2 protein chains.
Amino acid sequence: MPRMQLTKTMIIETALSLAEQQGYEAVTMANIARSLSIKPPSLYNHFKNLEEIKHAMAEAAQIQLYEALRDTEQGAQPLLSLAKAYVHFGSSHPGLYASSLPGGSWEVSEALVQLIADGLTSFPLDETDKIHAIRGFRSMLHGFIDLNKHAGFKLDVDLEKSLEQMVGIYVRGLQS
Amino acid sequence: MPRMQLTKTMIIETALSLAEQQGYEAVTMANIARSLSIKPPSLYNHFKNLEEIKHAMAEAAQIQLYEALRDTEQGAQPLLSLAKAYVHFGSSHPGLYASSLPGGSWEVSEALVQLIADGLTSFPLDETDKIHAIRGFRSMLHGFIDLNKHAGFKLDVDLEKSLEQMVGIYVRGLQS
DNA sequence: TTGTAAAACTAATCCTATTAGTTTATAGTT
DNA sequence: AACTATAAACTAATAGGATTAGTTTTACAA
């Protein structure tokens, strides 16, 4: 295997730091190649096309998201800690979070879901209801991040408070 | 004003039907121009650039979303009806819904918020808590639509049921 | 009827992604 | 140590986007 200085991992790491520093829209073949001091066509020796690169990015970004959540303090309100960590990750690393959306691997998705499931253990839910509850929780958090990105919340009311209230309402709804 | 057959409204309507029929990514200067049987540069006589066109689209799309929600039956569970109408609109008109996200006008945004506020009247909330509750509700619904679009919910569990449960949990949380 | 200005046009520039075809360097084999 | 096959880079090209400059056309107003 000749000239294998350049690896898939290097390409994905370069693409992710591009997303992190200049936004997800900056993830182009031209920009990735420029960052690596190669020409765009060379990338096709390692990935079929840009879509494949973005899929690989999603997997790596999802792992970073997972690790950020896993390292969260599990205090008295595990769902609130999780929510804050999730929204904080999405808001402070928008490019990375956007990178994670296209999908990723089944295992990491599952691990992420398990993290939420762990926060739900204190509520008596059968398997199906647990899945519904997890979907609702993720929807809430993702929607909060994404609406914010689209400047959805215009009023001058504390965002962090909104997040706390939202999670508070949801948790009380699970209890009753 | 010479040759004013082409109006801003015609351009926006063309762009919206492009989004509706071929997806939001199909909203390009080239495609809009092609649909109108003109050349792309002609569009710049009416709009500064593509971004401005997309802003105008957002306003029109948001009105359509508002009207779809306004015409909703206000039964015993107004928030559930609203949620179903919202998610149904987002899922069955993904291009239109995506068009609405970049913003729109303040008045329409406000009207949309008011629609949710109307569904919240039976709950005793002060002004600030009402805003938090509205933000949470919108986050939930938008997140549900968007995660679905990104194939976020992989498990074979009824989606409509998930939506009902999610709204049910939130409403119970508001009550307690 | 003529002049002006709006609205179309053509042609060009500068981005993308992607493919074809070519060169080069290296790893493994003789 | 020389040879060869191949991976991995390259150049050059195509096709599609947004946008700008400059030109022509046309409708209306004076």
Side-chain angles (χ1 to χ4, degrees), chain A residues 1-61 94-96 98-99 101-103 150, chain B residues 1-61 94-96 98-99 101-103 150:
Chain A
M1 290 145 197
R3 266 202 269 187
M4 56 154 288
Q5 320 112 17
L6 190 58
T7 64
K8 285 198 178 205
T9 306
M10 284 168 63
I11 293 172
I12 297 309
E13 276 172 5
T14 301
L16 283 175
S17 67
L18 223 38
E20 168 87 33
Q21 290 161 27
Q22 300 176 220
Y24 192 61
E25 326 72 43
V27 178
T28 66
M29 292 307 231
N31 278 341
I32 298 170
R34 204 186 337 273
S35 296
L36 290 163
S37 306
I38 58 171
K39 304 296 170 187
S42 302
L43 292 168
Y44 291 83
N45 287 318
H46 303 274
F47 290 96
K48 195 165 129 275
N49 51 32
L50 181 58
E51 199 190 335
E52 215 183 63
I53 292 181
K54 288 186 171 176
H55 270 8
M57 287 173 72
E59 189 152 342
L96 219 49
S99 301
L101 290 178
H150 286 293
Chain B
M1 290 145 197
R3 267 200 272 185
M4 55 153 291
Q5 318 111 15
L6 188 58
T7 62
K8 285 198 177 205
T9 306
M10 284 167 63
I11 293 171
I12 297 308
E13 277 173 3
T14 302
L16 283 175
S17 69
L18 223 38
E20 168 87 33
Q21 290 162 26
Q22 299 176 220
Y24 191 63
E25 325 72 43
V27 178
T28 66
M29 292 307 231
N31 278 341
I32 298 170
R34 205 186 334 274
S35 296
L36 289 163
S37 304
I38 58 172
K39 304 295 172 188
S42 302
L43 292 168
Y44 290 83
N45 288 318
H46 303 274
F47 289 96
K48 192 165 132 277
N49 51 33
L50 181 59
E51 198 190 336
E52 215 182 64
I53 292 180
K54 287 186 171 176
H55 268 17
M57 288 173 72
E59 188 152 343
L96 219 48
S99 301
L101 290 179
H150 287 293

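The structure displayed is predicted, hence computed values, not measured ones. Lettering of chains follows the sequences in order, A, B, ..., and the numbering in each one begins at 1.
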Novice: What is the distance from CG of A:L43 to C1' of C:dA17, rounded to the nearest Å?
Specialist: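 To the nearest whole Å, that distance equals 11 Å.
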Novice: Taking N and O atoms by type only, does the side chain of A:N45 place a donor or acceptor under 3.5 Å from a partner on the base of D:dA9?
Specialist: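 Looking at the base of D:dA9, it does pair with a donor or acceptor on the side chain of A:N45 (distance under 3.5 Å).
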Novice: Tell me whether the count of non-hydrogen atoms from other residues, nucleotides or ligands lying under 6.0 Å of NE2 in A:H55 goes above 12.
Specialist: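 Incorrect, the count does not exceed 12.
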Novice: Sequence neighbours left out, what passes side chain to side chain contact (heavy atoms under 4.5 Å, CB included) with B:P94? Give chain and number order.
Specialist: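 Once residues adjacent in sequence are excluded, B:P94 has no partner under the side chain to side chain contact (heavy atoms under 4.5 Å, CB included) criterion.
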Novice: Side chains of A:L6 and A:S42: closer than 4.5 Å at any heavy-atom pair?
Specialist: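 Heavy-atom side-chain distance check fails, nothing below 4.5 Å.
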Novice: Are the side chains of A:L16 and A:E20 in contact, using a 4.5 Å heavy-atom criterion?
Specialist: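 Of all side-chain heavy-atom pairs linking A:L16 with A:E20, none is under 4.5 Å.
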Novice: Does D:dA7 have OP1 or OP2 under 4.0 Å away from a side-chain N or O of A:H46?
Specialist: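 It does not, given that no N or O in the side chain of A:H46 lies less than 4.0 Å from OP1 or OP2 of D:dA7.
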Novice: Taking only side-chain nitrogens and oxygens of A:S42, does any of them come within less than 4.0 Å of OP1 or OP2 of D:dC10?
Specialist: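 Yes, within the criterion.
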Novice: Tell me the interatomic distance from B:M10, atom CE, to C:dA7, atom P, rounded to whole angstroms.
Specialist: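 So the two atoms are 12 Å apart, to the nearest Å.
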Novice: Roughly how far apart are A:H150 NE2 and B:L101 CG, rounded to 0.5 Å?
Specialist: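 CG of B:L101 is found 4.5 Å from NE2 of A:H150.
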Novice: In whole angstroms, how far is the P atom of D:dT24 from the NZ atom of B:K39?
Specialist: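 To the nearest whole Å, that distance equals 18 Å.
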Novice: Nearest whole Å is fine: how far is D:dT11 C1' from A:I38 CD1?
Specialist: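 Atom-to-atom, A:I38 to D:dT11, this comes out as 14 Å.
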Novice: Start with the C-alpha distance between B:L36 and B:L43, add both sets of side-chain angles, then the distance that settles side chain to side chain contact (heavy atoms under 4.5 Å, CB included), and finish with yes or no.
Specialist: CA-CA 10 Å; B:L36 289 163; B:L43 292 168; 4.3 Å; yes
Novice: Expressed as a whole number of angstroms, how long is the span from A:Q5:CD to C:dA27:P?
Specialist: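 After rounding, the gap between these two atoms is 10 Å.
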Novice: What one-letter contact string describes nucleotides 14-23 of chain D from 5' to 3', where B marks a base within less than 4.0 Å of any protein heavy atom, S marks contact via sugar-phosphate atoms alone, and - marks no contact?
Specialist: ---SSBB---
